[in-house]
There are 2 protein chains.
Amino acid sequence: MRYFATLCRLGHFGHAADISAISQPALSMQIKKLEEELGTPLIERSAKSFILTRFGHEFLTQCHKILGDVDTIELMARAAQHQEIAALNLGIIPTIAPYLLPQVLTTLAHHHPELDIKVRESQTTNLVKDIHDGTLDIAVLALPLGDQHLEETLMFQEDFVLVRPVHAKNMPIPAPSSFAKLPWLLLEEGHCFRDQALAFCQPDVNERRRHDASSLSTLVQMVQADLGITLIPEMAIDLETRSTTVDIVRFDTDTPKRDIGVIWRKSSPLAHSFAKITETLSTAMQR
Amino acid sequence: MRYFATLCRLGHFGHAADISAISQPALSMQIKKLEEELGTPLIERSAKSFILTRFGHEFLTQCHKILGDVDTIELMARAAQHQEIAALNLGIIPTIAPYLLPQVLTTLAHHHPELDIKVRESQTTNLVKDIHDGTLDIAVLALPLGDQHLEETLMFQEDFVLVRPVHAKNMPIPAPSSFAKLPWLLLEEGHCFRDQALAFCQPDVNERRRHDASSLSTLVQMVQADLGITLIPEMAIDLETRSTTVDIVRFDTDTPKRDIGVIWRKSSPLAHSFAKITETLSTAMQR
DNA sequence: TATTTTTGATAAGAAATACTTATGATAAAC
DNA sequence: GTTTATCATAAGTATTTCTTATCAAAAATA
């Protein structure tokens, strides 16, 4: 098709062949073959020149369109090669999002101004699925996951704190041996934070027959209403106790914690970029 | 690109290879080669499956566009093969057009109802040029031309008649020997009819220093105004004497005539169609 | 945990395709 | 009438694509 377009432009087999960097017979043969494959002549040959047939004109138009689109591919490919990632689909779990997202977005916007960031907030299993099928590029969540296809990079560790009603302010820190009997309030199923809290509190199975909360914010409000006690991650303290009055207690020993980090597909050709972005985030999060 | 589009559709190298009617290694190799040529990975391979890279998605979109356009070519080519000519660019000289065109168009519309006809009226040299460069398909004009690239088909012959002022009505038919001295009125240069008339009348070069007319209609009006005498083709008599009063005289011997026919490029792939159309016209013109 | 199955990649040789050089044919230009 | 310009043809070569056979890795199964 490129040969044909050149031939039409120059109206001369020899010159078109030169431009196409092939020999004149090669070009003649290709045009002839084209006509055979199409089952219709493209040009009407005369002694020293030729004119396009009606179909030849239609075909040429289509050629220009197609060759233009092919050239566009080349441009796109070159852009894709040189480009340091232009869009970032970022996932984040609900027990991190409200507290860390502002800082994350600010940091990214500062270090990667052109980056078009889209955020999806969902629970770990959904995020992992989306990472695998390419819907998400990276996700901020609690590690470890142990998925061998995913790169896991730890950003920081954070402690959990005990939240109890204000009237318990001067009571001693409960000992692990008493945990089972305490009125623990938990997040609903699916939140990794629920599992992390469960592993720490190990509440009596019979004891906890209350409604599970759908957010940390709700949990704290339930504590304030004296429905029980709970754990929240340290990063949530500031925001969640701003409009409530509860007692926050840090554990002395065996402090419960979680690891917060970033994941992405090891196989992604952008893995290197993701690592760099994560490094940026990690540094900013230390503060 | 077709392989790639199929691969994306099925998400499976083996199946895509089957559909593409090639072996699985062949498909793997072609995809790999594509990626090499583009300089960017199209898919992110994992153990038993793959997902498209960002560029892979862009490329796929472009592939669909291009492959669609290529498929269109196939349709166009098939249409071009089976089609009995859909559009006809017809040329006709000014000394025929006013008298024959209505009949020509009626005949064509009757025998080839779907034919999209475009008419161009111009002098022989222009028509021949347009025939050569493909602007026109066929032309109705006076033969012969003697162009070996053109097919010439005679439709009919027609006589020229003498047009003189009414007051000459009872005068004898002028003898050829007296022609040189007669006040001949002629068409302007470029009209083949002028040359045909000239060849017959052979007027004295000094004698004819009047303005040449740009149409037969004007010639007849000039005769009526007693500016001289002229020749017109038989087919023009009816129309041109309808609103004028002049004397029409047929010659007894050595009657001047012209051959009217149709031409087209011998090399045109539609030559056969043109011949058929001409036959239709020819039959209709006999009447 | 070991075995089988699934899936895509690799290797080597075969088939198909595109290209090159040399030559021919034809009509236009001189 | 000779030369020139132009495209087509022919034969052989180079390149590309494909095939079969085999491999490697991970997932599914026993």
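Source: prediction; values computed, not measured. Excluded from the calculations below are hydrogen atoms, water molecules and symmetry mates; all remaining heavy atoms, backbone and side chain alike, are included.
- A sub-4.0 Å separation between OP1 or OP2 of D:dC7 and a side-chain N or O of A:Ser28 is absent.
- In this structure, the CD1 atom of A:Ile31 is 15 Å from the C1' atom of D:dT6, given to the nearest Å.
- With salt bridges taken as basic N to acidic carboxylate O contacts below 4.0 Å, none links A:Glu188 and A:Arg194.
- Ranked by how close their nearest DNA chain C nucleotide is to the 5' end, A:Glu37 and B:Gly14 are led by B:Gly14.
- The NE2-C1' distance, from A:His15 to D:dC7, rounds to 12 Å in whole Å.
- Across the protein-nucleic acid pair, A:Leu34 atom CG and C:dT17 atom P stand 14 Å apart, rounded to whole Å.
- Under the 4.5 Å side-chain criterion, counting only non-hydrogen atoms from C-beta, B:Leu27 is in contact with B:Leu7.
- Put simply, the side chain of A:Gln24 never gets that close to the backbone of A:Ala17: no donor and acceptor are under 3.5 Å apart.
- Rounded to whole Å, atom P of D:dC7 lies 16 Å from atom CG of A:Leu42.
- No hydrogens or angles considered: nothing links the side chains of A:Arg120 and A:Thr135 as a donor-acceptor pair under 3.5 Å.
- Taking atom CD1 on A:Ile43 and atom C1' on D:dT6, their separation rounds to 12 Å, with Å as the unit.
- For the 3.5 Å distance criterion, the side chains of A:Glu279 and A:Thr283 fail to qualify, holding no donor opposite an acceptor.
- B:His112 is linked by a side chain to side chain contact (heavy atoms under 4.5 Å, CB included) to B:Leu108, B:Leu115, B:Ile277, B:Thr280, counting only residues two or more places apart in sequence or in another chain.
- Put simply, B:Arg45 has no side-chain N or O that comes within less than 4.0 Å of OP1 or OP2 on C:dG8.
- An OP1 or OP2 oxygen of C:dT10 is reached within less than 4.0 angstrom by a side-chain nitrogen or oxygen of B:Lys32.
- Between the P atom of D:dT16 and the CD atom of B:Glu36 lies a distance of 12 Å, rounded to the nearest Å.
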Using atom names, set out every protein N or O paired with an N or O of nucleotides 18-20 of chain D below 3.5 Å, distance rounded to 0.1 Å.
residue: D:dC18; atom: OP1; partner: B:Tyr3; partner atom: OH; Å: 2.6
residue: D:dC18; atom: OP2; partner: B:Gln30; partner atom: NE2; Å: 3.2
residue: D:dT19; atom: OP2; partner: B:Ser23; partner atom: N; Å: 2.6
residue: D:dT19; atom: OP2; partner: B:Ser23; partner atom: OG; Å: 2.9

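- Listed by chain and residue number, A:Gln123 satisfy the side chain to side chain donor-acceptor pair (under 3.5 Å) test with A:His191 (two or more places apart in sequence, or in another chain).
- If you take CD of B:Glu35 and P of C:dG8, they are 14 Å apart, rounded to a whole angstrom.
- Shown here are the side chain to side chain contact (heavy atoms under 4.5 Å, CB included) partners of B:Pro41, two or more places apart in sequence or in another chain: A:Pro269, B:Glu35, B:Thr53.
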Identify the pairs formed between an N or O of the protein and an N or O of nucleotides 26-30 of chain C at a distance under 3.5 Å, and give each distance.
residue: C:dA28; atom: OP1; partner: B:His149; partner atom: NE2; Å: 3.1
residue: C:dA28; atom: OP2; partner: B:Gln148; partner atom: NE2; Å: 3.2

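- Side-chain N/O atoms of B:His12 include none lying less than 4.0 angstrom from OP1 or OP2 on C:dT6.
- Applying the salt bridge (charged side-chain N to carboxylate O under 4.0 Å, His left out) test to pairs two or more places apart or on separate chains, those with a residue in residues 131-155 of chain B are A:Arg54-B:Asp137, B:Lys129-B:Asp133.
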